[in-house]
Protein chains: 2
Amino acid sequence: MRDVAREAGVSVGTVSNVLNKPDEVSADSIARVQSAIDKLGYIRNDAARRLRAGVSSTVGFIVLDGRNPFINEVVRGAEDEASRHGIAILVGNTDEDPAREEMYLDLFAEQQVRGVLISPYGDITRRLQRLREREVPVVLVDRMNPEGRFSAVATDSVSGGRMAAEHLLAQGRRRLAFVGGPFDMRQARDRLDGARWAVENSDAGATLEVVTTTALSVEEGIAAGRRIMDRQPAQRPDAVFAGNDLVALGLLQSLSTGGSLLVPQQIALIGFDDISFAAAAAVPISSMRQPARAIGQTALRILLEEAADATLIPRQTVFRPELVARASSG
Amino acid sequence: MRDVAREAGVSVGTVSNVLNKPDEVSADSIARVQSAIDKLGYIRNDAARRLRAGVSSTVGFIVLDGRNPFINEVVRGAEDEASRHGIAILVGNTDEDPAREEMYLDLFAEQQVRGVLISPYGDITRRLQRLREREVPVVLVDRMNPEGRFSAVATDSVSGGRMAAEHLLAQGRRRLAFVGGPFDMRQARDRLDGARWAVENSDAGATLEVVTTTALSVEEGIAAGRRIMDRQPAQRPDAVFAGNDLVALGLLQSLSTGGSLLVPQQIALIGFDDISFAAAAAVPISSMRQPARAIGQTALRILLEEAADATLIPRQTVFRPELVARASSG
DNA sequence: CTGTTAGCGCTTTCAT
DNA sequence: ATGAAAGCGCTAACAG
């Protein structure tokens with residue numbers, strides 16, 4: 001910066017002002033400083049900037065599972081919005097491991113990130129509270145915060161679960177199963193709750209059983225499907241609501257006998273998220289679509305607003321999922 | 001840090017040493033400093049550390065398309081290795097847009113990242129050279145650097161292309177098509193070159209046509225499939241090698257007539273990358289598997305080695321792809 | 001509108 | 001083994 005100042009024949013303070021408050025500087029200075037910057041290939045040192053000004057140009061995003069295309073779309077939405085503000089995103093995958101969650105929270109705190117987006121696994125309110133005491137804004141993603149202590153952006157999973165179950169009931173199915181878990185994962189619990197509500201409030205005499213998985217992954221979907229196939233045909237559900245599309249994809253793979261799929265004739269299937277691969281599956285999978293991109297974008301926007309004004313009251317933004325019916329649900 | 005020093009009854013220099021060079025400090029000091037840190041909830045300020053010491057604890061990763069699960073696995077591999085070193089990863093999606101590539105390169109330079117991993121789109125040797133002049137190590141990912149100026153970690157796409165085509169030929173197919181592009185994307189060109197070599201060096205009298213796409217995406221695969229279906233059946237290829245699995249997935253969706261797929265009977269299909277969704281497709285897709293995780297891990301490891309020792313000679317690490325034959329290639 | 005300067009929190013000599 | 005102090009590159013406050 002000193003070199004740039006010398007080259008442009010101004011002081012470092014002026015160079016700083018050109019970079020940060022161009023309207024307080026004469027057009028002439030701006031031009032000269034700019035050309036000096038170009039000539040010398042100067043790149044400002046964000047560490048020093050950060051140290052002095054206390055503002056950082058990174059935000060952290062802690063996600064449960066980066067292998068889920070849905071999450072990737074959310075991150076992508078946040079990234080697009082961030083790049084518009086000259087901000088880069090630090091990503092951390094937790095694999096639903098609280099220890100990794102802790103680690104990234106620490107790492108991001110060290111980095112003095114401008115804020116943290118997180119789709120949390122367990123209950124880390126206390127941990128996040130500490131972050132907030134350090135003035136680091138936090139926005140929960142893909143999950144509500146009932147106490148309203150943090151801003152949150154998510155889809156209404158309960159409604160989504162209800163709509164999915166109602167769809168299956170409308171197809172004439174009566175022996176429903178929810179395949180998902182673990183249930184300390186909020187999203188899974190909410191989707192099940194919604195489905196349960198729909199079944200209990202229908203007068204069709206339908207039932208809902210729960211097949212628990214240890215994660216919302218393709219592998220767990222396959223395993224759950226095997227368990228279902230191990231039963232006598234009469235004992236199997238006639239419709240399955242999968243916790244998300246990965247589970248649905250896994251289920252689809254194992255719900256077949258001797259090469260012939262049971263879906264949708266014997267078993268109707270619906271997933272959640274509407275990832276792009278759901279439509280390309282062996283049987284195109286029905287799903288509850290979430291506006292992934294918009295979720296990420298909105299979350300980042302709120303985060304930046306809160307970073308700019310710490311007095312803002314936390315707000316919950318809820319998107320409504322949308323039923324996308326395909327072949328798998330008949 | 002001053003607070004910690006006071007609490008522990010030592011100087012800030014000692015606190016710093018406890019954190020960075022524990023072996024130069026007495027066990028007693030370590031213990032007291034540690035407990036002071038815990039008590040006060042001290043988190044070190046990475047900006048200051050960076051400013052003074054010049055070492056950063058972030059690396060940047062610039063990827064072509066974060067929607068590709070293959071790339072995500074690579075990033076994941078890098079992230080796992082990074083977290084072992086207390087390093088976080090800044091991600092930037094370029095969407096094959098040179099302007100975004102530039103933007104992220106600048107942003108990462110400002111951040112004084114420890115190094116940059118990049119799966120580059122066009123020819124940005126010059127741009128990367130500038131980074132290197134600033135002592136920022138660069139490792140190319142998923143792409144070789146023939147001039148050997150940068151370290152690179154990738155799969156041998158030419159061999160992969162050759163193996164894919166040979167597999168199709170071995171299935172008795174003779175009218176092969178390569179669906180992919182654009183060809184200023186190195187990986188696409190290499191895969192085609194490999195396939196071409198295999199066709200030309202087989203004495204089966206096979207042919208290879210090229211169906212060009214503007215990206216290696218599901219959408220482009222669908223569009224290319226439509227163009228193929230628009231032809232008279234006799235004019236269609238009897239085997240398609242897709243530039244990657246996304247294209248293959250797209251092709252699979254459009255290669256059907258009135259609900260009945262032509263794959264694999266009329267048209268054999270093979271993709272590249274072996275993303276997890278390839279196996280779950282309508283017809284399980286054959287693919288050339290790349291060790292995604294290992295690529296990311298290796299790239300990061302090399303990056304850190306080069307960051308630690310600038311005199312290291314660039315090295316190219318090549319993984320061999322592996323044929324995974326499934327139903328789609330008969 | 002521009003220049004001067006203190007100091008952000010840390011690491012790293014250099015004495016002790 | 002520990003402490004004192006310089007200074008990394010920048011921003012912001014203030015003087016001119």
Side-chain angles (χ1 to χ4, degrees), chain A residues 1-34 36-37 40-58 86 106-114 134-136 307-308, chain B residues 1-34 36-37 40-58 86 106-114 134-136 307-308:
Chain A
M1 197 151 163
R2 222 169 38 223
D3 296 342
V4 171
R6 195 183 312 122
E7 176 74 28
V10 298
S11 73
V12 292
T14 301
V15 175
S16 174
N17 283 334
V18 168
L19 259 26
N20 301 306
K21 307 165 188 166
D23 24 317
E24 292 185 13
V25 178
S26 72
D28 181 52
S29 292
I30 292 182
R32 287 162 58 199
V33 168
Q34 266 309 341
I37 286 175
L40 300 177
Y42 167 77
I43 294 182
R44 112 171 112 194
N45 183 330
D46 189 67
R49 174 186 168 75
R50 196 132 111 196
L51 180 58
R52 178 62 233 234
V55 302
S56 148
S57 48
T58 57
D106 285 342
L107 204 51
F108 292 172
E110 266 188 27
Q111 301 287 330
Q112 329 275 135
V113 292
R114 177 101 66 116
R134 291 174 183 281
E135 317 263 275
V136 180
Chain B
M1 197 152 162
R2 222 168 39 223
D3 296 342
V4 171
R6 194 182 312 120
E7 176 76 26
V10 299
S11 73
V12 291
T14 301
V15 175
S16 174
N17 283 334
V18 168
L19 258 26
N20 301 303
K21 307 165 186 167
D23 24 318
E24 291 184 12
V25 177
S26 73
D28 179 52
S29 294
I30 292 181
R32 286 161 58 200
V33 168
Q34 264 310 340
I37 285 176
L40 300 177
Y42 166 77
I43 293 182
R44 115 169 108 194
N45 182 329
D46 189 67
R49 175 188 169 73
R50 195 133 109 198
L51 181 58
R52 178 62 232 232
V55 301
S56 147
S57 49
T58 57
D106 285 343
L107 204 52
F108 291 172
E110 266 188 28
Q111 300 286 331
Q112 331 275 131
V113 293
R114 182 110 116 213
R134 293 175 181 282
E135 318 262 278
V136 180

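Remember, it's a predicted structure, so these values are computed and weren't measured experimentally. Chain naming here is simple, since letters A, B, ... match the order of the sequence lines and numbering starts at 1 in each. The basis for the numbers below is simple: all heavy atoms, side chains too, and nothing from hydrogens, waters or symmetry mates.
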Check whether any side-chain nitrogen or oxygen of [X] sits under 4.0 Å from OP1 or OP2 of [N], and answer yes or no.
{"X": "B/S26", "N": "D/dT2", "value": "yes"}
{"X": "B/K21", "N": "C/dT12", "value": "yes"}
{"X": "B/N20", "N": "C/dT11", "value": "yes"}

Starting at atom [atom1] of [X], determine the distance to atom [atom2] of [N], rounded to an integer number of angstrom.
{"X": "A/I37", "N": "D/dG9", "atom1": "CD1", "atom2": "C1'", "answer": "14 Å"}
{"X": "B/M1", "N": "D/dG3", "atom1": "CE", "atom2": "P", "answer": "12 Å"}
{"X": "A/N17", "N": "D/dG9", "atom1": "CG", "atom2": "P", "answer": "20 Å"}
{"X": "B/R49", "N": "D/dG9", "atom1": "CZ", "atom2": "P", "answer": "17 Å"}
{"X": "A/Q111", "N": "C/dG9", "atom1": "CD", "atom2": "P", "answer": "17 Å"}
{"X": "B/N45", "N": "D/dC8", "atom1": "CG", "atom2": "P", "answer": "18 Å"}
{"X": "B/I30", "N": "D/dA1", "atom1": "CD1", "atom2": "C1'", "answer": "11 Å"}
{"X": "A/R2", "N": "D/dC8", "atom1": "CZ", "atom2": "C1'", "answer": "10 Å"}

*asked:* Run the side-chain contact (heavy atoms from CB on, under 4.5 Å) test on A/S56 and A/Q111 for me, step by step, so that the C-alpha distance in whole Å, both residues' side-chain angles and the decisive distance to 0.1 Å come before the verdict.
replied: CA-CA 8 Å; A/S56 148; A/Q111 301 287 330; over 6 Å; no
*Evaluate the side-chain contact (heavy atoms from CB on, under 4.5 Å) criterion for residues B/R44 and B/N20: first the C-alpha distance (whole Å), next the side-chain angles of each, then the deciding distance (0.1 Å), finally the verdict.*
CA-CA 11 Å; B/R44 115 169 108 194; B/N20 301 303; 3.2 Å; yes
_Please compare B/E24 and B/A53 by the position of their nearest nucleotide in DNA chain D and report the one closer to 5'._
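Final value for this comparison: B/E24.
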_B/R134, CZ atom: more than 12 neighbouring heavy atoms under 6.0 Å_ = yes
*Only one of B/V25, B/D3, B/V33 passes side-chain contact (heavy atoms from CB on, under 4.5 Å) with B/V15; say which it is.*
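It is B/V33, the one option of B/V25, B/D3, B/V33 that forms the side-chain contact (heavy atoms from CB on, under 4.5 Å) with B/V15.
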*Only one of B/L19, B/V12, B/I37 clears side-chain contact (heavy atoms from CB on, under 4.5 Å) with B/V4; which?*
B/I37
Base, sugar-phosphate or nothing for [X]? Non-hydrogen atoms, less than 4.0 Å.
{"X": "A/S16", "answer": "base"}
{"X": "B/D46", "answer": "nothing"}
{"X": "A/V15", "answer": "nothing"}
{"X": "B/R44", "answer": "sugar-phosphate"}

Listed nucleotide nearest any side-chain atom of [X], set [options]:
{"X": "B/L51", "options": "D/dG9, C/dC10, D/dA1", "answer": "D/dG9"}
{"X": "B/R52", "options": "D/dA5, D/dG3, D/dA6", "answer": "D/dA6"}
{"X": "B/S11", "options": "D/dA4, C/dT11, D/dC10", "answer": "D/dA4"}
{"X": "A/T14", "options": "C/dT2, C/dT11, D/dC10", "answer": "C/dT2"}

*Validation row: A/R50, B/R50 side chains within 4.5 angstrom (heavy atoms)*: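 SC-SC contact between A/R50 and B/R50 confirmed.
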*Hey, which sits more toward the 5' end of DNA chain C by its nearest nucleotide, B/A48 or A/A27?*
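Residue closer to the 5' terminus by nearest nucleotide: A/A27.
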